[in-house]
Q: 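Let me give you the structure first, and then I'll get to my questions.
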Amino acid sequence: MIIQQINTTKKAVPLVKPFKTALRTVTVAEAIYVEITLDNGLKGYGEAPPTHVVTGDSVASIQFAIEEVFAPQLIGQDLRYSDHVFHLLHNAMVRNTSAKAALDMALYDLLAQAANMPLYQFLGGARQELKTDFTVSVNEPAEMAADAQRYVESGFDVLKIKVGIGSPEDDIRRIQAIRQAVTDDVVLRLDANQGWSAKDAVRIIGRMEDLDLGIEFIEQPVPAHDIDGLAYVTNHTLLPIMADESVFSLYDARRIIEGRAADMFNIKLMKAGGIYEALKINALAQSYDMTCMVGSMIETKLGVTAAAHFAASQSNILYYDFDAPLMLNEETIEGGIQYDGSRITFTDARGLGIGGMK
């Protein structure tokens, strides 16, 4: 179980349709793939996308961190002493969470393979399948309504709606147009991606509550650093509020819980630095009876497979945002999770079930 080699590969895959949020527009999914080889021949895989406006990582910084900082620390280490290995990974360099996440998921892939178990079972095995939402990018109301209708016709009955650009009235018109385009049994979740001020958020959410638009919860209404503002929104609205960009670490999570600043967390491996730290965040949330979502950045099927395995392993993770691979023009790996409309299933293969890269 000695780590013998760590290799990186650049990937770039065009999106079927531009992905637009209050923070950015993405037309190509970029990533650094990681392959870790043990002395017994086992290979583990991981992925790190550059998400400049959230994690601050770029393709160049991820590759440098992995090859020049983390690899020299990890090569030669015995994965049978996994806690020591993860301690080395997380203390070799501050931040750089995407690079850490890629290595972390490859290490967990190897641990589960060695245990002869799929990763979601190795981590806890709370459930055997998931149902993902599908994201509607922020655009003009008519375009968003048409997109929503198309996704519902493709088998998705939970939609994540991006808002937070333009005036508050623009966002209300967007949601009204979508609600008119889909049936009442379609669940709508809103994600402002930090696009509102606290006072605007309370006003907008209050209007939406009065209009009875069938919204399940609101994700990250205010800037990530504004924890007081997040608490203000949470305490002055009826709809549940989810923290996303405000929660990178266990310490962020504790601050939000102690300040009663949000009702739920969106845990992402790229923010937490991988499964090792994500498990800690989720355990803290669970100890306060808090339910969580697991989502992803614009990632390929490799990174989302790891996130899905983590999500399926924990009983209080009830919401899943794993549509990113469905937005891409091509697949880049063999194996991994399987999609049937909104339904995600796992194979019986060991670890992440990755058969190789295409």
Side-chain angles (χ1 to χ4, degrees), residues 11-19 26-31 33 45-49 101 105 108-109 112 118-123 125-137 147-162 182 185-189 191 216 266-270 275 292-314 317-358:
K11 292 287 182 178
V13 184
L15 273 66
V16 174
K17 177 183 174 73
F19 179 78
V26 182
T27 58
V28 176
E30 296 182 287
Y33 277 10
Y45 298 96
E47 173 185 354
M105 62 181 69
Y108 271 104
D109 184 13
L119 181 56
Y120 77 96
Q121 293 180 357
F122 177 79
L123 294 173
R127 53 187 57 84
Q128 299 179 47
E129 63 179 62
L130 311 173
K131 186 170 83 168
T132 183
D133 59 23
F134 206 99
T135 304
V136 179
S137 290
D147 287 343
Q149 193 170 33
R150 186 169 68 256
Y151 302 149
V152 170
E153 290 170 354
S154 299
F156 295 86
D157 59 6
V158 181
L159 300 177
K160 181 173 179 175
I161 314 300
K162 294 292 188 178
V182 301
D185 60 334
V186 175
V187 175
L188 304 185
R189 301 167 178 169
D191 185 1
E216 187 175 22
N266 185 350
I267 302 173
K268 293 177 180 173
L269 300 187
M270 295 306 143
I275 295 168
C292 293
M293 170 187 274
V294 174
S296 69
M297 308 301 185
I298 296 299
E299 300 170 34
T300 73
K301 193 173 170 184
L302 174 51
V304 172
T305 290
H309 275 269
F310 163 64
S313 75
Q314 304 296 302
I317 297 176
L318 303 181
Y319 312 104
Y320 317 103
D321 182 26
F322 295 139
D323 56 346
L326 303 176
M327 301 179 185
L328 306 183
N329 264 324
E330 60 187 70
E331 286 197 7
T332 57
I333 61 167
E334 298 173 357
I337 54 173
Q338 305 299 310
Y339 288 92
D340 180 9
S342 63
R343 182 169 170 257
I344 294 174
T345 55
F346 304 87
T347 69
D348 292 329
R350 301 180 302 167
L352 292 175
I354 306 299
M357 301 180 191
K358 294 184 178 179

Q: For a quick test of reading the model, state the closest non-hydrogen atom pair linking Ile275 to Ala306 and the distance between them.
A: CD1-O, 4.4 Å
Q: Give a yes or no on whether Gln128 atom CD has more than 12 heavy-atom contacts from other residues, nucleotides or ligands under 6.0 Å away.
A: no
Q: Which heavy atom of Ala12 sits nearest a heavy atom of Val28, and at what distance?
A: CB-CG1, 4.0 Å
Q: Is the closest side-chain heavy-atom distance between Met105 and Leu269 below 4.5 Å?
A: yes
Q: Closest heavy-atom contact between Arg127 and Ala311?
A: NH1-O, 3.8 Å
Q: Quick one: does Glu30's side chain have a donor or acceptor within less than 3.5 Å of a partner on Lys11's backbone?
A: no
Q: Does any non-hydrogen side-chain atom of Thr332 lie less than 4.5 Å from one of Val13?
A: yes
Q: Once the angle between the rings of Phe134 and Phe156 is folded into 0 to 90°, is it parallel (under 30°), tilted (30 to 60°) or perpendicular (over 60°)?
A: perpendicular
Q: Give the intermediate values and the outcome of side chain to side chain contact (heavy atoms under 4.5 Å, CB included) for residues Ile298 and Leu15.
A: CA-CA 9 Å; Ile298 296 299; Leu15 273 66; 4.2 Å; yes
Q: Check the pair His309 / Tyr108 against side chain to side chain contact (heavy atoms under 4.5 Å, CB included), numbers first and verdict last.
A: CA-CA 10 Å; His309 275 269; Tyr108 271 104; over 6 Å; no
Q: Decide if atom CG of Asp348 counts as having more than 12 heavy atoms of other residues, nucleotides or ligands within a radius under 6.0 Å.
A: no
Q: Quick check: do Leu159 and Val152 have side-chain heavy atoms less than 4.5 Å from each other?
A: yes
Q: Given side chains that start at C-beta, do those of Met270 and Ser296 come closer than 4.5 Å, heavy atoms only?
A: no
Q: Could you give the distance from CG (Leu130) to CG (Asp321), rounded to the nearest 0.5 Å?
A: 12.0 Å
Q: Taking all non-hydrogen atoms of both residues, which atom of Thr347 and which atom of Gly336 are closest, and how far apart?
A: CG2-O, 4.1 Å
Q: If the condition is ring pair (Phe, Tyr, Trp, His ring centres under 6.0 Å), which residues does Phe322 pass it with, not counting sequence neighbours?
A: none
Q: Check the pair Phe19 / Lys162 against side chain to side chain contact (heavy atoms under 4.5 Å, CB included), numbers first and verdict last.
A: CA-CA 10 Å; Phe19 179 78; Lys162 294 292 188 178; 3.8 Å; yes
Q: Taking salt bridge (Lys or Arg N to Asp or Glu O under 4.0 Å) as the definition, give me every residue that meets it alongside Glu129, ordered by chain and number, with sequence neighbours left out.
A: Arg343
Q: What's the shortest heavy-atom distance between Gly155 and Ser342, and which atoms?
A: O-OG, 3.5 Å
Q: In a check of side chain to side chain contact (heavy atoms under 4.5 Å, CB included) between Val294 and each of Ile317, Val304, Leu318, which one passes?
A: Ile317
Q: Aromatic ring centroids of Phe346 and Tyr120 under 6.0 Å?
A: yes
Q: Hey, does the side chain of Glu299 reach the backbone of Met297 with a donor-acceptor pair shorter than 3.5 angstrom?
A: yes
Q: Identify the heavy atoms of Ala112 and Gly351 that sit nearest to each other, and give their distance.
A: CB-CA, 3.6 Å
Q: Heavy-atom distance under 4.5 Å between the side chains of Val158 and Val186, does that happen here?
A: no
Q: How long is the span from the CG atom in Leu302 to the CD atom in Glu334, to the nearest 0.5 Å?
A: 12.5 Å
Q: Can you list the steps and then say if Ile333 with Tyr33 is a side chain to side chain contact (heavy atoms under 4.5 Å, CB included)?
A: CA-CA 10 Å; Ile333 61 167; Tyr33 277 10; 3.9 Å; yes
Q: Take Asp109 and Arg350 through the test salt bridge (charged side-chain N to carboxylate O under 4.0 Å, His left out) and record every step on the way to the result.
A: CA-CA 8 Å; Asp109 184 13; Arg350 301 180 302 167; over 6 Å; no
Q: Answer yes or no: is there a donor N or O on one side and an acceptor on the other, between the side chain of Asn266 and the main chain of Cys292, under 3.5 Å?
A: no
Q: Would you find a donor on one side and an acceptor on the other, under 3.5 Å apart, between the side chain of Lys301 and the backbone of Gly335?
A: yes
Q: Do Thr27 and Lys17 make a side-chain contact, defined as non-hydrogen atoms from C-beta onward lying under 4.5 Å apart?
A: no
Q: Please walk me through it: do Thr305 and Tyr45 pass side-chain hydrogen bond (donor to acceptor under 3.5 Å, both in side chains)?
A: CA-CA 10 Å; Thr305 290; Tyr45 298 96; over 6 Å; no
Q: What I want to find out is whether Lys160 reaches Asp133 closely enough, with some N-O distance under 4.0 Å, to be called a salt bridge.
A: no
Q: Starting from the C-alpha separation in whole Å, work towards a yes-or-no answer on side-chain hydrogen bond (donor to acceptor under 3.5 Å, both in side chains) for Thr132 and Tyr339.
A: CA-CA 9 Å; Thr132 183; Tyr339 288 92; over 6 Å; no
